[in-house]
S.K.: 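Take a look at the following structure, please.
Every chain is numbered from 1, with letters handed out A, B, ... down the list of sequences. Source: prediction; values computed, not measured.
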Protein chains: 2
Amino acid sequence: MIRLLLADDHPVVRAGLRAVLELEPDFVVVAEEATAEAAVVRAGRGDVDVVLMDLQFGDRLDGIDATQRIRALPDPPRVVVLTTYDIEGDVLAAIGAGAAGYLLKDAEPGEMARAIRAGTGDTVLAPRVAQRLVRRSLQPDTALSARELEVLGSVAEGLSNEAIGRRMFLSQATVKSHLVHVFSKLGVESRTAAVAAARERRLIR
Amino acid sequence: MIRLLLADDHPVVRAGLRAVLELEPDFVVVAEEATAEAAVVRAGRGDVDVVLMDLQFGDRLDGIDATQRIRALPDPPRVVVLTTYDIEGDVLAAIGAGAAGYLLKDAEPGEMARAIRAGTGDTVLAPRVAQRLVRRSLQPDTALSARELEVLGSVAEGLSNEAIGRRMFLSQATVKSHLVHVFSKLGVESRTAAVAAARERRLIR
DNA sequence: TCTGCGGTCAACCTTTCGGTTGATCGGCAG
DNA sequence: CTGCCGATCAACCGAAAGGTTGACCGCAGA
(Lines give C-alpha, C1' and ligand atoms only; values in the text may rest on other atoms or scores of the structure.)
Protein backbone atom coordinates (compact mmCIF):
# COMPACT_ATOMS: atom_id res chain seq x y z
CA MET A 1 0.00 0.00 0.00
CA ILE A 2 1.48 3.33 -1.11
CA ARG A 3 0.46 6.29 1.05
CA LEU A 4 0.20 9.56 -0.90
CA LEU A 5 0.26 13.23 0.05
CA LEU A 6 -1.17 15.65 -2.54
CA ALA A 7 0.34 19.15 -2.52
CA ASP A 8 -1.38 21.53 -4.95
CA ASP A 9 -3.06 24.88 -4.49
CA HIS A 10 -5.98 24.04 -6.79
CA PRO A 11 -8.91 22.28 -5.08
CA VAL A 12 -10.05 20.93 -8.44
CA VAL A 13 -6.68 19.36 -9.17
CA ARG A 14 -6.50 17.79 -5.74
CA ALA A 15 -9.95 16.30 -6.18
CA GLY A 16 -8.99 15.03 -9.61
CA LEU A 17 -5.78 13.43 -8.41
CA ARG A 18 -7.60 11.80 -5.54
CA ALA A 19 -10.27 10.51 -7.88
CA VAL A 20 -7.93 9.00 -10.45
CA LEU A 21 -5.30 7.69 -8.03
CA GLU A 22 -7.67 6.02 -5.62
CA LEU A 23 -8.82 3.85 -8.49
CA GLU A 24 -5.51 2.04 -7.99
CA PRO A 25 -6.04 -0.61 -5.33
CA ASP A 26 -2.59 -0.13 -3.78
CA PHE A 27 -2.82 3.69 -3.52
CA VAL A 28 -4.29 5.60 -0.62
CA VAL A 29 -4.35 9.39 -0.30
CA VAL A 30 -3.67 10.17 3.34
CA ALA A 31 -3.69 13.97 3.06
CA GLU A 32 -4.07 17.01 0.82
CA GLU A 33 -2.29 20.30 1.36
CA ALA A 34 -2.87 23.60 -0.42
CA THR A 35 0.44 25.26 0.39
CA ALA A 36 4.06 24.22 0.06
CA GLU A 37 4.67 25.06 3.70
CA ALA A 38 1.86 22.83 4.94
CA ALA A 39 3.05 20.01 2.70
CA VAL A 40 6.51 20.08 4.26
CA VAL A 41 5.02 19.92 7.75
CA ARG A 42 2.62 17.13 6.84
CA ALA A 43 5.36 15.13 5.14
CA GLY A 44 7.31 15.20 8.39
CA ARG A 45 4.72 13.13 10.23
CA GLY A 46 6.20 9.98 8.78
CA ASP A 47 3.07 8.31 7.46
CA VAL A 48 3.58 9.23 3.79
CA ASP A 49 5.45 7.23 1.14
CA VAL A 50 5.17 9.58 -1.83
CA VAL A 51 4.46 13.32 -2.05
CA LEU A 52 2.89 14.56 -5.28
CA MET A 53 4.23 18.08 -5.43
CA ASP A 54 3.08 20.90 -7.66
CA LEU A 55 5.77 23.46 -8.48
CA GLN A 56 3.62 26.58 -8.68
CA PHE A 57 1.68 27.68 -5.62
CA GLY A 58 -0.18 30.84 -6.51
CA ASP A 59 2.31 32.70 -8.64
CA ARG A 60 5.36 31.49 -6.74
CA LEU A 61 7.61 28.54 -7.48
CA ASP A 62 7.60 27.17 -3.94
CA GLY A 63 7.52 23.53 -4.99
CA ILE A 64 11.26 23.29 -5.59
CA ASP A 65 12.05 24.65 -2.17
CA ALA A 66 9.48 22.39 -0.49
CA THR A 67 10.92 19.37 -2.28
CA GLN A 68 14.36 20.20 -1.00
CA ARG A 69 13.14 20.56 2.56
CA ILE A 70 11.15 17.34 2.45
CA ARG A 71 14.17 15.43 1.19
CA ALA A 72 16.15 16.87 4.07
CA LEU A 73 13.80 15.25 6.61
CA PRO A 74 14.90 12.11 8.43
CA ASP A 75 13.67 9.05 6.51
CA PRO A 76 11.94 11.27 3.95
CA PRO A 77 9.15 10.25 1.59
CA ARG A 78 9.89 10.28 -2.12
CA VAL A 79 8.75 13.41 -3.95
CA VAL A 80 7.24 13.22 -7.40
CA VAL A 81 6.91 16.63 -9.04
CA LEU A 82 3.66 17.06 -10.93
CA THR A 83 3.41 20.23 -12.93
CA THR A 84 1.88 21.75 -16.02
CA TYR A 85 4.96 22.76 -17.96
CA ASP A 86 8.10 20.94 -18.98
CA ILE A 87 10.33 23.99 -18.64
CA GLU A 88 13.87 22.73 -18.98
CA GLY A 89 15.07 24.84 -16.08
CA ASP A 90 12.29 23.51 -13.83
CA VAL A 91 13.12 19.90 -14.63
CA LEU A 92 16.77 20.37 -13.76
CA ALA A 93 15.89 22.27 -10.59
CA ALA A 94 13.46 19.57 -9.45
CA ILE A 95 15.99 16.83 -9.98
CA GLY A 96 18.58 18.91 -8.18
CA ALA A 97 16.20 19.31 -5.26
CA GLY A 98 15.94 15.53 -4.94
CA ALA A 99 12.70 14.78 -6.78
CA ALA A 100 12.20 11.12 -7.67
CA GLY A 101 10.16 11.97 -10.76
CA TYR A 102 8.82 14.74 -12.98
CA LEU A 103 5.31 14.26 -14.33
CA LEU A 104 3.08 16.51 -16.41
CA LYS A 105 -0.49 17.21 -15.42
CA ASP A 106 -1.83 16.29 -18.80
CA ALA A 107 -0.59 12.72 -18.35
CA GLU A 108 -3.02 9.83 -18.49
CA PRO A 109 -3.88 8.42 -15.05
CA GLY A 110 -2.31 5.07 -15.88
CA GLU A 111 0.97 6.66 -16.76
CA MET A 112 0.92 8.65 -13.54
CA ALA A 113 0.30 5.57 -11.43
CA ARG A 114 3.10 3.71 -13.14
CA ALA A 115 5.56 6.53 -12.52
CA ILE A 116 4.57 6.84 -8.87
CA ARG A 117 5.10 3.12 -8.31
CA ALA A 118 8.35 2.96 -10.26
CA GLY A 119 10.09 5.87 -8.61
CA THR A 120 12.08 3.87 -6.08
CA GLY A 121 15.43 3.96 -7.83
CA ASP A 122 16.37 6.38 -10.57
CA THR A 123 14.49 9.54 -11.37
CA VAL A 124 11.40 8.96 -13.49
CA LEU A 125 10.66 11.54 -16.16
CA ALA A 126 7.49 11.86 -18.15
CA PRO A 127 8.23 10.46 -21.62
CA ARG A 128 7.75 13.82 -23.27
CA VAL A 129 10.08 15.54 -20.82
CA ALA A 130 12.78 12.90 -21.18
CA GLN A 131 12.49 13.03 -24.95
CA ARG A 132 13.07 16.76 -25.04
CA LEU A 133 16.09 16.58 -22.78
CA VAL A 134 17.64 13.81 -24.83
CA ARG A 135 16.90 15.51 -28.12
CA ARG A 136 18.55 18.69 -26.95
CA SER A 137 21.61 16.92 -25.65
CA LEU A 138 22.02 15.38 -29.11
CA GLN A 139 21.98 18.79 -30.79
CA PRO A 140 24.83 20.75 -29.25
CA ASP A 141 24.82 23.21 -32.16
CA THR A 142 21.42 24.60 -31.21
CA ALA A 143 22.13 24.58 -27.48
CA LEU A 144 22.68 28.02 -26.01
CA SER A 145 25.76 28.49 -23.86
CA ALA A 146 25.27 29.58 -20.27
CA ARG A 147 26.46 33.06 -21.13
CA GLU A 148 24.09 33.33 -24.07
CA LEU A 149 21.16 32.21 -21.93
CA GLU A 150 22.11 34.79 -19.33
CA VAL A 151 22.08 37.56 -21.93
CA LEU A 152 18.82 36.31 -23.36
CA GLY A 153 17.28 36.36 -19.91
CA SER A 154 18.14 40.04 -19.57
CA VAL A 155 16.69 40.70 -23.00
CA ALA A 156 13.46 39.05 -21.86
CA GLU A 157 13.36 41.49 -18.96
CA GLY A 158 13.32 44.29 -21.48
CA LEU A 159 16.86 45.61 -21.03
CA SER A 160 18.78 47.27 -23.85
CA ASN A 161 22.15 45.97 -24.99
CA GLU A 162 23.83 48.80 -23.19
CA ALA A 163 21.95 48.08 -19.93
CA ILE A 164 22.77 44.38 -20.22
CA GLY A 165 26.41 45.31 -20.68
CA ARG A 166 26.34 47.39 -17.51
CA ARG A 167 24.61 44.64 -15.54
CA MET A 168 27.00 41.93 -16.71
CA PHE A 169 30.13 44.10 -16.84
CA LEU A 170 30.48 43.68 -20.59
CA SER A 171 30.77 46.04 -23.52
CA GLN A 172 27.77 46.41 -25.82
CA ALA A 173 29.92 44.75 -28.45
CA THR A 174 30.06 41.55 -26.42
CA VAL A 175 26.36 41.62 -25.70
CA LYS A 176 25.65 42.02 -29.39
CA SER A 177 28.06 39.24 -30.18
CA HIS A 178 26.23 36.86 -27.83
CA LEU A 179 22.89 37.92 -29.23
CA VAL A 180 23.95 37.35 -32.82
CA HIS A 181 24.86 33.79 -31.84
CA VAL A 182 21.55 33.36 -30.03
CA PHE A 183 19.62 34.59 -33.07
CA SER A 184 21.47 32.19 -35.31
CA LYS A 185 20.92 29.22 -32.98
CA LEU A 186 17.24 29.99 -32.54
CA GLY A 187 16.71 30.83 -36.19
CA VAL A 188 15.34 34.34 -35.60
CA GLU A 189 16.42 37.84 -36.50
CA SER A 190 15.34 40.08 -33.65
CA ARG A 191 15.52 40.20 -29.89
CA THR A 192 11.76 40.03 -29.42
CA ALA A 193 11.55 37.02 -31.73
CA ALA A 194 14.38 35.40 -29.79
CA VAL A 195 12.49 35.85 -26.54
CA ALA A 196 9.34 34.43 -28.09
CA ALA A 197 11.20 31.44 -29.54
CA ALA A 198 13.06 30.74 -26.31
CA ARG A 199 9.86 30.88 -24.36
CA GLU A 200 8.15 28.54 -26.80
CA ARG A 201 11.04 26.10 -26.53
CA ARG A 202 10.81 26.50 -22.79
CA LEU A 203 14.37 27.73 -22.42
CA ILE A 204 13.16 30.66 -20.37
CA ARG A 205 9.99 31.33 -18.46
CA MET B 1 -31.12 20.28 -13.43
CA ILE B 2 -28.11 21.91 -15.11
CA ARG B 3 -26.39 19.72 -17.69
CA LEU B 4 -22.63 20.32 -17.95
CA LEU B 5 -20.00 19.63 -20.60
CA LEU B 6 -16.39 19.64 -19.42
CA ALA B 7 -13.80 20.68 -22.00
CA ASP B 8 -10.22 20.39 -20.77
CA ASP B 9 -7.21 18.52 -22.06
CA HIS B 10 -6.08 17.36 -18.60
CA PRO B 11 -7.68 14.10 -17.45
CA VAL B 12 -6.93 15.01 -13.86
CA VAL B 13 -8.71 18.35 -14.12
CA ARG B 14 -11.73 16.74 -15.77
CA ALA B 15 -11.93 14.17 -13.00
CA GLY B 16 -11.59 16.90 -10.40
CA LEU B 17 -14.30 19.05 -11.92
CA ARG B 18 -16.63 16.10 -12.17
CA ALA B 19 -15.93 15.17 -8.56
CA VAL B 20 -16.56 18.62 -7.11
CA LEU B 21 -19.45 19.61 -9.35
CA GLU B 22 -21.46 16.44 -8.99
CA LEU B 23 -21.63 17.13 -5.28
CA GLU B 24 -24.20 19.76 -6.27
CA PRO B 25 -27.60 18.08 -6.46
CA ASP B 26 -28.75 20.10 -9.47
CA PHE B 27 -25.61 19.54 -11.55
CA VAL B 28 -25.03 16.63 -13.89
CA VAL B 29 -21.97 16.18 -16.10
CA VAL B 30 -23.22 14.76 -19.37
CA ALA B 31 -19.89 14.65 -21.21
CA GLU B 32 -16.15 15.34 -21.08
CA GLU B 33 -14.07 16.33 -24.06
CA ALA B 34 -10.28 16.58 -24.29
CA THR B 35 -10.08 18.84 -27.35
CA ALA B 36 -11.66 22.14 -28.29
CA GLU B 37 -12.83 20.66 -31.57
CA ALA B 38 -14.63 17.77 -29.90
CA ALA B 39 -16.22 20.14 -27.41
CA VAL B 40 -17.75 22.22 -30.20
CA VAL B 41 -19.18 19.11 -31.83
CA ARG B 42 -20.52 17.76 -28.56
CA ALA B 43 -22.06 21.11 -27.63
CA GLY B 44 -24.01 21.00 -30.87
CA ARG B 45 -26.02 17.98 -29.81
CA GLY B 46 -28.36 20.20 -27.83
CA ASP B 47 -28.39 18.37 -24.52
CA VAL B 48 -25.98 20.69 -22.69
CA ASP B 49 -26.84 23.80 -20.68
CA VAL B 50 -23.36 25.00 -19.72
CA VAL B 51 -19.94 24.29 -21.20
CA LEU B 52 -16.97 24.60 -18.85
CA MET B 53 -14.25 25.58 -21.27
CA ASP B 54 -10.52 25.62 -20.65
CA LEU B 55 -8.62 28.17 -22.74
CA GLN B 56 -5.39 26.23 -23.22
CA PHE B 57 -5.48 22.93 -25.02
CA GLY B 58 -1.95 21.61 -25.17
CA ASP B 59 0.03 24.73 -25.90
CA ARG B 60 -2.64 26.41 -28.02
CA LEU B 61 -5.33 28.85 -27.00
CA ASP B 62 -8.13 27.05 -28.79
CA GLY B 63 -10.67 27.77 -26.08
CA ILE B 64 -11.49 31.26 -27.33
CA ASP B 65 -12.16 30.02 -30.81
CA ALA B 66 -14.23 27.11 -29.55
CA THR B 67 -16.28 29.46 -27.38
CA GLN B 68 -17.02 31.63 -30.37
CA ARG B 69 -18.10 28.67 -32.45
CA ILE B 70 -20.28 27.25 -29.72
CA ARG B 71 -22.02 30.60 -29.26
CA ALA B 72 -22.68 30.65 -33.00
CA LEU B 73 -24.67 27.43 -32.79
CA PRO B 74 -28.47 27.56 -32.92
CA ASP B 75 -29.83 27.74 -29.36
CA PRO B 76 -26.34 27.51 -27.92
CA PRO B 77 -25.39 26.50 -24.38
CA ARG B 78 -23.76 29.09 -22.15
CA VAL B 79 -19.98 28.90 -22.00
CA VAL B 80 -18.13 29.47 -18.75
CA VAL B 81 -14.39 29.84 -19.25
CA LEU B 82 -12.35 28.10 -16.59
CA THR B 83 -8.67 28.77 -16.75
CA THR B 84 -5.53 29.05 -14.67
CA TYR B 85 -4.53 32.64 -15.28
CA ASP B 86 -6.38 35.93 -15.06
CA ILE B 87 -4.61 37.42 -18.05
CA GLU B 88 -6.49 40.57 -18.94
CA GLY B 89 -6.21 39.88 -22.65
CA ASP B 90 -7.72 36.44 -22.16
CA VAL B 91 -10.59 37.82 -20.10
CA LEU B 92 -11.48 40.38 -22.74
CA ALA B 93 -11.11 37.85 -25.53
CA ALA B 94 -13.34 35.36 -23.71
CA ILE B 95 -16.03 37.96 -23.12
CA GLY B 96 -15.71 39.07 -26.71
CA ALA B 97 -16.20 35.48 -27.82
CA GLY B 98 -19.47 35.33 -25.92
CA ALA B 99 -18.44 33.64 -22.67
CA ALA B 100 -20.98 33.93 -19.85
CA GLY B 101 -18.30 33.79 -17.16
CA TYR B 102 -14.59 33.68 -16.42
CA LEU B 103 -13.50 31.47 -13.53
CA LEU B 104 -10.07 30.59 -12.19
CA LYS B 105 -9.07 27.01 -11.54
CA ASP B 106 -7.89 27.77 -8.05
CA ALA B 107 -11.43 28.78 -7.09
CA GLU B 108 -13.21 26.99 -4.29
CA PRO B 109 -15.84 24.49 -5.52
CA GLY B 110 -18.66 26.45 -3.91
CA GLU B 111 -17.69 29.60 -5.71
CA MET B 112 -17.53 27.73 -8.99
CA ALA B 113 -20.99 26.27 -8.53
CA ARG B 114 -22.42 29.66 -7.69
CA ALA B 115 -20.92 31.23 -10.79
CA ILE B 116 -22.19 28.45 -13.04
CA ARG B 117 -25.71 28.81 -11.71
CA ALA B 118 -25.70 32.59 -11.84
CA GLY B 119 -24.48 32.99 -15.39
CA THR B 120 -27.87 33.44 -17.01
CA GLY B 121 -27.77 37.19 -17.48
CA ASP B 122 -24.62 39.26 -17.29
CA THR B 123 -21.11 37.91 -17.49
CA VAL B 124 -19.86 36.46 -14.22
CA LEU B 125 -16.24 37.08 -13.36
CA ALA B 126 -14.22 35.48 -10.60
CA PRO B 127 -13.90 38.02 -7.79
CA ARG B 128 -10.14 38.34 -8.23
CA VAL B 129 -10.52 38.88 -11.97
CA ALA B 130 -13.27 41.44 -11.57
CA GLN B 131 -11.27 43.28 -8.94
CA ARG B 132 -8.29 43.68 -11.23
CA LEU B 133 -10.41 44.89 -14.11
CA VAL B 134 -12.20 47.42 -11.94
CA ARG B 135 -8.97 48.66 -10.43
CA ARG B 136 -7.54 49.17 -13.88
CA SER B 137 -10.65 50.83 -15.24
CA LEU B 138 -10.26 53.41 -12.49
CA GLN B 139 -6.89 54.28 -14.03
CA PRO B 140 -7.88 55.06 -17.61
CA ASP B 141 -4.54 56.67 -18.37
CA THR B 142 -2.69 53.38 -17.97
CA ALA B 143 -5.31 51.18 -19.64
CA LEU B 144 -4.34 49.87 -23.06
CA SER B 145 -6.98 50.06 -25.77
CA ALA B 146 -8.04 46.86 -27.49
CA ARG B 147 -6.10 47.83 -30.58
CA GLU B 148 -2.98 48.57 -28.58
CA LEU B 149 -3.23 45.22 -26.81
CA GLU B 150 -3.60 43.52 -30.15
CA VAL B 151 -0.45 45.14 -31.49
CA LEU B 152 1.40 44.35 -28.29
CA GLY B 153 0.40 40.73 -28.61
CA SER B 154 2.00 40.55 -32.03
CA VAL B 155 5.12 42.20 -30.66
CA ALA B 156 5.28 39.50 -28.00
CA GLU B 157 5.25 36.92 -30.77
CA GLY B 158 8.40 38.49 -32.11
CA LEU B 159 6.98 40.19 -35.19
CA SER B 160 8.48 43.37 -36.65
CA ASN B 161 6.39 46.50 -37.07
CA GLU B 162 6.16 45.84 -40.77
CA ALA B 163 4.96 42.23 -40.21
CA ILE B 164 2.40 43.43 -37.69
CA GLY B 165 1.18 45.95 -40.22
CA ARG B 166 0.73 43.23 -42.81
CA ARG B 167 -1.08 40.97 -40.35
CA MET B 168 -3.43 43.69 -39.16
CA PHE B 169 -3.78 45.51 -42.49
CA LEU B 170 -2.15 48.66 -41.16
CA SER B 171 0.76 50.83 -42.20
CA GLN B 172 3.96 50.70 -40.16
CA ALA B 173 3.15 54.26 -39.18
CA THR B 174 0.01 53.14 -37.40
CA VAL B 175 1.75 50.25 -35.72
CA LYS B 176 4.44 52.60 -34.47
CA SER B 177 1.81 55.03 -33.34
CA HIS B 178 0.08 52.36 -31.27
CA LEU B 179 3.39 51.24 -29.83
CA VAL B 180 4.44 54.72 -28.83
CA HIS B 181 1.19 54.99 -26.87
CA VAL B 182 1.78 51.56 -25.33
CA PHE B 183 5.29 52.55 -24.25
CA SER B 184 4.03 55.71 -22.67
CA LYS B 185 1.21 53.96 -20.83
CA LEU B 186 3.46 51.19 -19.56
CA GLY B 187 6.30 53.55 -18.74
CA VAL B 188 8.90 51.81 -20.90
CA GLU B 189 10.98 52.76 -23.93
CA SER B 190 11.37 49.62 -25.99
CA ARG B 191 9.26 46.82 -27.41
CA THR B 192 10.98 44.13 -25.37
CA ALA B 193 10.51 46.12 -22.18
CA ALA B 194 6.86 46.61 -23.10
CA VAL B 195 6.40 42.86 -23.50
CA ALA B 196 8.10 42.23 -20.15
CA ALA B 197 6.00 44.84 -18.37
CA ALA B 198 2.76 43.67 -19.94
CA ARG B 199 3.51 40.09 -19.02
CA GLU B 200 4.22 41.04 -15.45
CA ARG B 201 0.95 42.94 -15.25
CA ARG B 202 -0.81 39.99 -16.83
CA LEU B 203 -1.98 42.01 -19.82
CA ILE B 204 -0.65 39.39 -22.18
CA ARG B 205 0.49 35.81 -21.90
C1' DT C 1 -23.38 71.09 -31.65
C1' DC C 2 -18.85 70.79 -30.31
C1' DT C 3 -15.29 68.35 -27.94
C1' DG C 4 -12.47 64.50 -26.98
C1' DC C 5 -10.59 60.23 -28.03
C1' DG C 6 -9.34 56.13 -30.58
C1' DG C 7 -7.75 54.80 -34.86
C1' DT C 8 -5.51 55.77 -39.06
C1' DC C 9 -1.51 57.61 -41.81
C1' DA C 10 2.70 60.63 -43.42
C1' DA C 11 7.21 62.88 -43.06
C1' DC C 12 11.18 63.53 -40.63
C1' DC C 13 14.92 62.72 -37.50
C1' DT C 14 17.77 60.26 -33.94
C1' DT C 15 19.12 56.18 -31.72
C1' DT C 16 19.40 51.45 -31.27
C1' DC C 17 19.79 47.18 -33.18
C1' DG C 18 21.37 43.62 -36.41
C1' DG C 19 25.25 41.79 -39.19
C1' DT C 20 30.03 41.47 -40.55
C1' DT C 21 34.84 41.27 -40.11
C1' DG C 22 38.56 40.70 -37.42
C1' DA C 23 41.17 40.39 -33.32
C1' DT C 24 42.83 38.76 -28.48
C1' DC C 25 42.72 35.60 -24.64
C1' DG C 26 42.21 31.27 -21.85
C1' DG C 27 41.03 26.61 -21.37
C1' DC C 28 40.54 21.96 -22.88
C1' DA C 29 40.77 17.84 -25.90
C1' DG C 30 43.37 15.45 -29.21
C1' DC D 1 52.03 21.19 -28.44
C1' DT D 2 48.43 22.59 -31.34
C1' DG D 3 44.00 23.58 -32.63
C1' DC D 4 39.41 24.59 -31.48
C1' DC D 5 35.90 27.05 -28.98
C1' DG D 6 33.76 30.25 -25.86
C1' DA D 7 34.14 34.77 -24.25
C1' DT D 8 35.63 39.27 -24.93
C1' DC D 9 35.97 43.71 -27.63
C1' DA D 10 36.33 47.22 -31.75
C1' DA D 11 34.88 49.52 -35.96
C1' DC D 12 31.78 49.86 -39.43
C1' DC D 13 27.34 49.93 -42.10
C1' DG D 14 22.47 49.47 -43.29
C1' DA D 15 18.02 48.56 -41.44
C1' DA D 16 14.70 48.78 -37.93
C1' DA D 17 12.89 50.92 -34.12
C1' DG D 18 11.86 54.99 -31.29
C1' DG D 19 10.04 59.94 -31.05
C1' DT D 20 7.77 64.12 -32.80
C1' DT D 21 4.59 66.80 -35.29
C1' DG D 22 0.64 67.15 -37.68
C1' DA D 23 -3.34 65.61 -40.04
C1' DC D 24 -8.01 63.22 -40.98
C1' DC D 25 -12.06 60.45 -39.77
C1' DG D 26 -15.90 58.64 -36.91
C1' DC D 27 -18.22 58.22 -32.88
C1' DA D 28 -19.81 58.91 -28.20
C1' DG D 29 -20.69 62.07 -24.59
C1' DA D 30 -21.01 66.92 -22.59
S.K.: To the nearest angstrom, how far is B:Leu149 atom CG from C:dG6 atom P?
M.R.: 13 Å
S.K.: How far apart are the closest heavy atoms of A:Met112 and A:Leu82, and which atoms are they?
M.R.: CE-CD1, 3.9 Å
S.K.: Treating B:Asp9 as the side-chain partner and B:Gly58 as the backbone partner, does any N or O pair qualify as donor plus acceptor under 3.5 Å?
M.R.: yes
S.K.: Are the side chain of B:Asp49 and the backbone of B:Arg3 linked by a donor-acceptor contact shorter than 3.5 Å?
M.R.: yes
S.K.: Heavy atoms under 4.0 Å is the rule here; annotate nucleotides 8-30 of chain D 5' to 3' with B where the base is hit, S where only the sugar-phosphate is, and - elsewhere.
M.R.: BBB-B----SBB-----------
S.K.: For atom CZ of A:Arg60, is the number of surrounding heavy atoms from other residues, nucleotides or ligands below 6.0 Å larger than 12?
M.R.: no
S.K.: Output yes when a side-chain donor or acceptor of B:Arg71 lies under 3.5 Å from a complementary backbone atom of B:Pro77, and no otherwise.
M.R.: yes
